[in-house]
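Structure record follows, encoded as structure tokens.
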Amino acid sequence: MAHAHAPHPRPHERADLEPEQPARRIWLRRSLGTTALVGLSWAPPARADWTDDVTTIRKFAARGNFLAAEEFATQSLNRGPGGFLFAGTGTLIIHHWRARLRLLGGDTQGAIADSDKIIQADSSFMSPDAGYAQRAMAKAVARDASGCEADFARAIELGRSGSMSRFRVYSAMGERAVARLLLNDFAGALKDLNEAIDGDHDTRMMATQVAIKKTAWTHLRQAIPFLETGDLVQATVPIRAAVDVLLKAAAEHLGSDFLTPQLLLMQIELWLAERQATQAAPVTAP
């Protein structure tokens with residue numbers, strides 16, 4: 001029987017948790033809630049404004065209806081997001097949302113496909129570094145550590161040029177910290193979080209959003225010692241606090257993303273469920 005504080009298995013020891021395996025997908029899908037699709041019973045306009053679609057997706061996700069949010073995003077993309085301005089950008093934003101939502105269900109290939117759309121579009125409004133960062137997160141979930149690091153390196157490189165460069169770079173570092181936690185690279189995650197928290201994001205008009213991000217990152221940093229010792233139950237406490245901070249911001253229309261720490265929380269809950277199942281398994285005589 002595993003000791004309660006034994007370190008959780010390293011990526012190379014967790015081949016049974018590959019996202020493509022049906023058992024894991026089923027567990028994650030069930031964990032999203034059986035009422036997730038209730039809100040989709042109404043028929044949206046044939047060409048709804050993309051900003052309205054993003055608002056609907058965000059609302060579903062904020063209520064924990066991740067399956068409903070993903071399904072609505074797919075409906076929006078299938079009919080083609082409308083709107084007087086920047087409909088093309090709206091399409092990329094919805095791909096970005098759907099990529100994050102797909103990861104919550106373990107669909108790494110779908111998330112990578114959505115991320116590739118953002119990268120290939122090479123838009124100045126939804127820049128490719130956002131696509132690289134999201135694809136890197138999908139690769140972290142798929143246990144592709146080298147691919148994850150390569151994509152994050154590219155995201156940070158691209159983020160250093162253009163508008164809001166510091167904000168984009170530090171945001172990518174915050175994302176990379178979560179990916180590194182998923183891959184048990186605790187030292188790398190701590191380095192990223194320290195830089196993102198201490199850094200000057202140089203965005204005076206987004207000072208509130210930056211402060212919210214830094215508060216969430218501080219909570220995530222507090223989880224690292226527990227993750228290092230394998231105390232997964234205690235690790236969930238600061239991670240949930242990070243999710244709550246970002247959810248409150250989303251409710252106040254500040255746009256902070258809560259799905260990244262939510263992904264980490266769900267993965268830890270999956271590890272806990274597996275640990276408990278292993279401990280409950282009967283021991284057979286040799």
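- Distance check: Asp52 CG to Ile57 CD1 gives 11.0 Å after rounding to the nearest 0.5 Å.
- The backbone N or O of Met164 lies less than 3.5 Å from no partner atom in the side chain of His201, so there is not a single donor-acceptor pair.
- Other residues, nucleotides and ligands contribute only 12 or fewer heavy atoms inside 6.0 Å of the NZ atom of Lys117.
- In plain terms, the two heavy atoms of Phe167 and Met206 that are nearest each other are CZ-CE, 3.7 Å.
- Here the closest non-hydrogen pair linking Asp200 and Arg166 is O-CD, 3.1 Å.
- Grouping the Ile, Leu, Val, Met, Phe, Trp and Tyr side chains by contacts below 4.5 angstrom, directly or via other members, places Ile197 apart from Tyr170.
- Grouping the Ile, Leu, Val, Met, Phe, Trp and Tyr side chains by contacts below 4.5 angstrom, directly or via other members, places Leu247 with Ile212.
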For His219 and Asp244: C-alpha separation, side-chain torsions, deciding distance, then whether side-chain contact (heavy atoms from CB on, under 4.5 Å) applies.
CA-CA 10 Å; His219 286 305; Asp244 289 344; over 6 Å; no

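- Separation of atoms CD (Glu175) and CG (Asp151) is listed at 13.0 Å; rounding is to 0.5 Å.
- Annotation: cation-pi geometry not satisfied between Arg240 and Phe258 (NZ/CZ under 6.0 angstrom from ring centroid, within 45° of ring axis).
- Looking at Asp114, Leu263, Ile112 one by one, the single match for side chain to side chain contact (heavy atoms under 4.5 Å, CB included) with Leu103 turns out to be Leu263.
- The two residues Lys214 and Gly199 have their closest heavy-atom pair at NZ-O, 2.8 Å.
- Minimum heavy-atom separation, Ile239 to Pro261: CG2-O, 3.7 Å.
- Ser165 places no side-chain N or O within 3.5 Å of a backbone atom of Ser161 that could act as its donor or acceptor partner.
- A donor-acceptor distance shorter than 3.5 angstrom exists from the side chain of Arg168 to the backbone of Leu158, with no hydrogens or angles considered.
- Closest non-hydrogen pair, Ala133 versus Ala155, comes out as N-CB, 3.8 Å.
- Side-chain contact, Asp129 with Ser127: a donor N or O sits under 3.5 Å from an acceptor N or O.
- Put simply, Leu182 and Leu246 are part of the same group of oily side chains (I, L, V, M, F, W, Y) that touch within less than 4.5 Å, one to the next.
- Inter-residue side-chain proximity for Phe186 and Leu181 is flagged as met; some heavy-atom pair is nearer than 4.5 Å.
- The CG atom of Asn194 sits 5.0 Å away from atom CZ of Arg221, with the distance rounded to the nearest 0.5 Å.
- By the criterion of side-chain heavy atoms lying less than 4.5 angstrom apart, applied directly or through intervening Ile, Leu, Val, Met, Phe, Trp or Tyr residues, Phe152 is grouped together with Val141 in one hydrophobic cluster.
- If you take CE on Met266 and CG on Leu259, they are separated by 10.0 Å, rounding to the nearest 0.5 Å.
- Under the 3.5 Å distance criterion, the side-chain polar atoms of Ser76 are left unmatched by any main-chain donor or acceptor of Phe72.
- To the nearest 0.5 Å, atoms CG (Asp53) and CH2 (Trp97) are separated by 13.0 Å.
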Between His96 and Leu92, is the side-chain contact (heavy atoms from CB on, under 4.5 Å) condition met? List the steps.
CA-CA 6 Å; His96 195 258; Leu92 298 179; over 6 Å; no

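- Judged by distance alone, with hydrogens and angles left aside, the side-chain atoms of Asn65 form no donor-acceptor pair with the main-chain N or O of Ala68 at under 3.5 Å.
- Side chain of Arg102 to backbone of Gly110: a donor-acceptor contact under 3.5 angstrom is found.
- Residue Ile93 is grouped with residue Ile118 when hydrophobic side chains (ILVMFWY) are merged at heavy-atom distances under 4.5 angstrom, including chains of intermediate members.
- Rounded to the nearest 0.5 Å, atoms CE (Met137) and CG (Leu264) are 9.0 Å apart.
- Here the closest heavy-atom approach between residue Ala235 and residue Ala223 is recorded as O-CB, 3.7 Å.
- Contact of the Val210 side chain with the Lys213 side chain is not registered, since no non-hydrogen atoms from C-beta on lie closer than 4.5 Å.
- Using a 4.5 Å heavy-atom cutoff, the side chains of Leu77 and Thr74 are not in contact.
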Going through the distances and angles, do Tyr132 and Glu157 end up as a side-chain contact (heavy atoms from CB on, under 4.5 Å)?
CA-CA 10 Å; Tyr132 278 108; Glu157 178 188 4; over 6 Å; no

Under the side-chain contact (heavy atoms from CB on, under 4.5 Å) criterion, do Thr108 and Lys139 qualify, and how do the steps go?
CA-CA 7 Å; Thr108 57; Lys139 290 179 179 179; over 6 Å; no

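- Salt-bridge check for Arg180 with Glu149: passed, with a basic side-chain N closer than 4.0 Å to an acidic carboxylate O.
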